[in-house]
Amino acid sequence: MIKITLKDGKILEFNDPITAEEVAKSIGMGLYKAALAAKIDGQVKDLMTVIDRDCSLEILIWDDEGGRDTLRHTASHVLAQAVKRLYPNVKLAIGPAIENGFYYDFDADFPITPEILEKIEKEMEKIVKEGLRPERFVLPREEAIKYMKEKNEPYKVELIEDLPEGEEISFYTQGEFTDLCAGPHIPNTDKIKAIKLLSVAGAYWRGSEKNKMLQRIYGTAFTKKSDLENYLNMVEEAKKRDHRKLGRELELFAIHEEGPGFPFFYPKGMVVRNILESYWREVHAKWGYSEIKTPIILNERLWHQSGHWDHYKENMYFTQIDDQDYAVKPMNCPGAILVYKSQMHSYRELPLRLGELGLVHRHEISGALHGLMRVRAFTQDDAHIFMMPSQIKDEVLGVINLIDSFYKVFGFEYHVELSTRPEDSMGSDEDWENATNALIEALNAAGLEYKINEGDGAFYGPKIDFHLRDSIGRTWQCGTIQLDFQMPERFDLHYTGEDGEKHRPVMIHRVVFGSIERFMGILIEHYAGAFPTWLAPVQVRILPVTDRANEYAKGLEERLKEKGIRVESDLRNEKIGYKIREAQVQKIPYMLVLGDREVEAGSVSVRSRREGDLGQMSFDDFVNKVREEIDKKITYV
RNA sequence: GCCGGCUUAGCUCAAUGGCAGAGCAACUGACUUGUAAUCAGUAGGUUGUAGGUUCAAGUCCUAUAGCCGGCUCCA
């Protein structure tokens, strides 16, 4: 007797071994039809899996992540199968499901063009309709290698060779196509009701630039045609939020061909930027930071001492002054260290928090540039905290809380990663271990979930990274907290302890926004250009209905300016509908429509970007409403 | 940096190898207008740049720059 416990706690009993698919059928035909995979004792498996012992079972459908991934994984095999049918000489690499679809990497000796993509997609649709059932089989290692060698699939051979000893080596066959694969797969390709190839991109074999670049085909698949349409519409909508497009349309910033990676901020962008910076200063003053400003260009000597020359030279710009070698700073830390070093410090002063809105330049490779998100010159909202070792945990915790409180103001969701020692780094293993453990301790104390990003730390220390999402779901590192035992050593920093002896301080390097540029890029996409009133470059636009109201409008404009509200008037000889449309398109939070009635009553008619016509109110009521929104930083998303 | 694609007026986009165009924006004029686009007119271009093929190149070829999507890398 086999006892199978379902999700709802119900227990089914069977006399003989049975497939998960059959169990689904016994529960109901609806579930059977919708079923894509099975979660057996917590593991996602094929529906074809034979259950021969007591276990828990959950039938996974489209709404389950495991169900979606399984369907898309099979879709990637359909893609590979189609490619093999059309171009038998193409070599197969890997093809997993990813967040919104799947990809498969191929080694083809010809470029896969959009036209070829269309042909492949047609073939895929055929395969889907053929209703192929993936069949799983297992081979011992040597036979598996032999099998893939015979099929002339060198990448598969390499994959098998690198599988750990004792690992089961499984294959899936659907129709004439067989692929090395851990699974799981859906029971029939005809469950894929909508499939679409999206793009081709280069991708290094096994993600290393030392290896050959393969061609990666991205696609997505759904169980319903309408879901695919919805998804494509969603992607279209997301593209409208692209900060590069909105930056141009709303005249916030631009990047010109003359300065790739060097953004220009236009007047409206500078309003947003200046507000962010003054808010930053206000908060940091409260949190016990003082502010410094260090030079952009400093003698090359300093960068040898800091270790940047050895570990960061590739990313730096250099110049000469009076026959001496100088470097443009890629980081603010050495400057801050010189400030620290210029005075004696007592343990009583620690932790010493030196903030700096520092403009840094980094030579990023051209392919990495991306709007404001990845540039070659950016301002870090940096701070260097010098402290005693005993203060590490509290300080890191403090910075975590500071970052969290900042992101909450903007309504951001974030995730946290812990980046550990990279290959190219300096310092002893012991220092690195201590530093990494200190960060873990702080993360645990803060109760934060985090994922480990192996080998992605700074060359001088491990770091906690805060990632924010852009409009199409890519995440960007913004805030970071880096713990550093190396720089204090290199620069021979010290403080006088309670015992009157010299001691070595520890440093934290940290940013909240990350870079003002990147943060603004995220902000623009997050709000789709419709900034909350406190950040909006123009908060109120006054729209007289006819030129009879122009004088009244100008008077109100002055009075609003006196209240510290950013206002402008549209006195052009245009219809009111036209003026409103334009203000709306420019995402200005409030419009004041002024005609004969308002002039007569000395009132204002208010139109909100978000809620439309709010009707007439007194000038004072309007000012109070807007001021409250600004002062409380009220955000409607 | 690598792979693929793209680049035409300020913006969005047209133009079989055969006279470079439209809409919006700008400017001028008329309309004095009530909650998302009034009408008419004017101006705007060495088709990213440099070569080449051709009687003829926006269109084909080569190189190059920038951009877009990825890979790699990172705030």
Side-chain angles (χ1 to χ4, degrees), chain A residues 103 105 108 111-114 116-117 198-218 239 242 244-245 248-249 251 254-261 312 314-315 330-331 360 362-376 378-382 419 422 453 456 458 463 465-468 472 474 476-480 482 509 511-519 521-522 543-550 573-585 591-598 605-609 612-616:
Chain A
Y103 68 76
D105 285 348
I112 298 172
T113 60
I116 293 180
L117 224 51
L198 300 170
S199 63
V200 193
Y204 297 107
W205 166 238
R206 299 197 142 181
S208 167
E209 59 188 328
K210 293 185 191 102
N211 293 337
K212 182 167 184 185
M213 179 160 275
L214 310 175
Q215 299 188 72
R216 174 173 297 176
I217 299 179
Y218 284 94
K239 278 187 192 157
D242 190 313
R244 294 164 299 191
K245 181 178 156 69
R248 187 172 54 238
E249 286 171 0
E251 296 167 11
I255 298 173
H256 299 261
E257 200 173 321
E258 289 81 356
Y312 211 73
E314 300 310 310
N315 285 295
M331 295 187 194
V360 297
R362 296 183 185 174
H363 178 72
E364 299 295 343
I365 53 180
S366 59
L369 301 179
H370 183 94
L372 287 182
M373 305 297 197
R374 192 77 184 277
V375 292
R376 285 176 172 158
F378 55 101
T379 299
Q380 292 185 304
D381 64 314
D382 220 336
S419 295
N453 205 348
D456 210 31
K463 55 183 189 163
D465 298 325
F466 293 75
H467 290 251
L468 299 174
I472 62 170
R474 290 178 288 218
W476 298 90
Q477 184 189 315
C478 289
T480 173
Q482 312 177 346
H509 310 237
V511 288
V512 180
F513 291 140
S515 90
I516 311 269
E517 288 76 5
R518 177 176 288 181
F519 195 82
I522 299 273
L543 312 175
V545 178
T546 71
D547 53 19
R548 289 193 297 277
N550 280 4
N573 188 5
E574 293 289 353
K575 284 203 154 51
I576 191 65
Y578 180 83
K579 293 185 183 183
I580 286 170
R581 179 184 152 79
E582 201 153 281
Q584 192 77 35
V585 166
M591 294 160 239
L592 293 182
V593 177
L594 306 179
D596 295 337
R597 295 203 288 271
E598 288 74 19
S605 277
V606 180
R607 184 187 167 92
S608 141
R609 163 183 77 191
D613 192 354
L614 301 181
Q616 275 194 60

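In what follows, every chain begins at residue 1, and chains take the letters A, B, ... in the order their sequences are listed.
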Is there a side-chain contact between A/K210 and A/Y204, using heavy atoms and a 4.5 Å cut-off?
-> no

Sugar-phosphate, base or nothing in reach of A/E582, heavy atoms under 4.0 Å | nothing

Closest heavy-atom pair, A/P544 versus A/A549, reported as atoms and distance to 0.1 Å, is CB-CB, 3.9 Å

Note, A/M591 side chain near A/K579 side chain (heavy atom, < 4.5 Å) | no

So do the side chains of A/F519 and A/L468 get within less than 4.5 Å of each other, counting heavy atoms only?
-> yes

Are any of A/K463's side-chain N or O atoms less than 4.0 Å away from OP1 or OP2 of B/A75?
-> yes

Have a look at A/E314 and say if it touches a base, only the backbone sugar-phosphate, or nothing, with a 4.0 Å heavy-atom cut-off.
-> nothing

4.5 Å side-chain heavy-atom contact, A/D596 and A/V545 | no

Within the structure shown, what part of the strands sits under 4.0 Å from A/M591 by heavy-atom distance: base, sugar-phosphate, or nothing?
-> nothing

Do the side chains of A/Y218 and A/S199 get nearer than 4.5 Å, heavy atoms only?
-> yes

Under 4.0 angstrom between A/R244 side-chain N/O and B/G69 OP1 or OP2 | yes

Check the distance between B/C67's C1' and A/L372's CG and give it to me in whole angstrom.
-> 15 Å

B/C74 base / A/R362 side chain donor-acceptor hit below 3.5 Å | no

Which part of the nucleic acid, if any, lies within contact of A/G367, taking any heavy atom under 4.0 Å across all strands shown: a base, the sugar-phosphate backbone alone, or nothing?
-> base

May I ask you to say what A/S208 touches in the nucleic acid, namely base, sugar-phosphate or nothing, with a heavy-atom cut-off under 4.0 Å?
-> nothing

Base of B/G66 paired with side chain of A/E258 (donor-acceptor, under 3.5 Å) | no

Round to a whole Å and report the spacing from CD of A/E251 to C1' of B/A25.
-> 11 Å

For nucleotides B/G10 and B/G5, find the distance between their C1' atoms and express it as a whole number of Å.
-> 25 Å

State whether A/Y578 places a side-chain N or O below 4.0 Å from either non-bridging phosphate oxygen (OP1 or OP2) of B/A25.
-> yes

Pick base, sugar-phosphate or nothing for A/G612, based on heavy-atom distances below 4.0 Å to the nucleic acid.
-> nothing

A/K463 NZ to A/D456 CG distance, which is reported to the nearest 0.5 Å | 5.5 Å

For nucleotides B/U8 and B/C67, find the distance between their P atoms and express it as a whole number of Å.
-> 14 Å

Considering every strand shown, what is the Watson-Crick or G-U wobble mate of B/G21 when both distances are under 3.5 Å?
-> B/C13

Is there a Watson-Crick or G-U wobble partner for B/U54 with both distances under 3.5 Å, and which nucleotide is it?
-> none

Whole-Å distance between B/G69 C1' and A/R374 CZ?
-> 16 Å

State which of B/G69, B/C71, B/U35 makes the closest approach to the side chain of A/Y218.
-> B/C71

Looking only at B/C71, B/G34, B/A75, the nucleotide nearest the A/D596 side chain is B/G34

Measure the distance from CZ on A/R206 to P on B/C71 and round it to the nearest whole Å.
-> 18 Å

What integer number of Å spans the C1' atoms of B/A57 and B/C19?
-> 14 Å

B/G58 versus B/G21 - spacing of their C1' atoms, nearest Å = 12 Å

Please give the nucleotide sitting opposite B/A63 as a Watson-Crick or G-U wobble pair, both distances under 3.5 Å, or none.
-> B/U49

Just how far, in rounded Å, is P of B/C24 from NZ of A/K245?
-> 17 Å

Expressed in whole Å, how much space separates the P atoms belonging to B/U28 and B/A20?
-> 31 Å

Closest-nucleotide ordering on RNA chain B, the 5'-leading residue of A/T480 and A/G259 | A/G259

What nucleotide among B/A75, B/U72, B/U38 has an atom nearest to a side-chain atom of A/I365?
-> B/U72

For nucleotides B/U46 and B/A9, find the distance between their P atoms and express it as a whole number of Å.
-> 9 Å

Taking the side chain of A/F378 as its heavy atoms from C-beta onward, which of B/A75, B/G5, B/C74 lies nearest to it?
-> B/A75

Has A/Q477 got a side-chain N or O lying under 4.0 Å from the OP1 or OP2 atom of B/A75?
-> yes

Considering Watson-Crick and G-U wobble pairs with both distances under 3.5 Å, what does B/A40 pair with?
-> B/U28

Side chains of A/V606 and A/L592: closer than 4.5 Å at any heavy-atom pair?
-> yes

Please work out if A/V593 contacts a base, only the sugar-phosphate, or nothing of the nucleic acid, heavy-atom cut-off 4.0 Å.
-> base

Residue pair A/N315/A/K575 against RNA chain B: nearer the 5' end by closest nucleotide is A/K575

Look at the side-chain N and O atoms of A/H370 and state whether any lies under 4.0 Å from the OP1 or OP2 oxygen of B/G69.
-> yes

A/R248 side-chain N/O to B/U12 phosphate OP1/OP2 under 4.0 Å | yes

Nearest-nucleotide pick for A/I580, side chain only, options being B/A75, B/G1, B/U35 = B/U35

According to the Watson-Crick and G-U wobble definitions, with both distances under 3.5 Å, which nucleotide is paired to B/U35?
-> none

Could you work out which one of B/C74, B/G69, B/A36 sits closest to the side chain of A/E364?
-> B/C74

So what's B/C71 paired with, Watson-Crick or G-U wobble, going by both distances under 3.5 Å?
-> B/G1

So what does A/V360 touch, heavy atoms closer than 4.0 Å: a base, only the sugar-phosphate, or nothing?
-> nothing

Between B/U49 and B/C11, how far is it from one C1' atom to the other, in whole Å?
-> 22 Å

Has A/S366 got a side-chain N or O lying under 4.0 Å from the OP1 or OP2 atom of B/G1?
-> yes

OH of A/Y204 versus P of B/G4: gap in Å, rounded?
-> 12 Å

Base, sugar-phosphate, or nothing: which does A/R518 touch, judged by heavy atoms less than 4.0 Å apart?
-> base

Per the side-chain hydrogen bond (donor to acceptor under 3.5 Å, both in side chains) rule, which among A/R374, A/H370, A/R376 passes with A/E364?
-> A/R374

Looking for any heavy atom pair under 4.0 Å, which part of the strands does A/A201 touch: base, sugar-phosphate only, or nothing?
-> base

Could you check how far OH of A/Y103 sits from P of B/G4, rounded to whole Å?
-> 19 Å

Round to the nearest Å and state the distance from A/E209 atom CD to B/U72 atom P.
-> 10 Å

Separation of the P atoms in B/G18 and B/A36, to the nearest angstrom | 46 Å

Looking at side-chain heavy atoms only, is the closest gap between A/F378 and A/I516 below 4.5 Å?
-> no

Answer with base, sugar-phosphate or nothing: what part of the nucleic acid does A/R474 contact at a heavy-atom distance below 4.0 Å?
-> sugar-phosphate

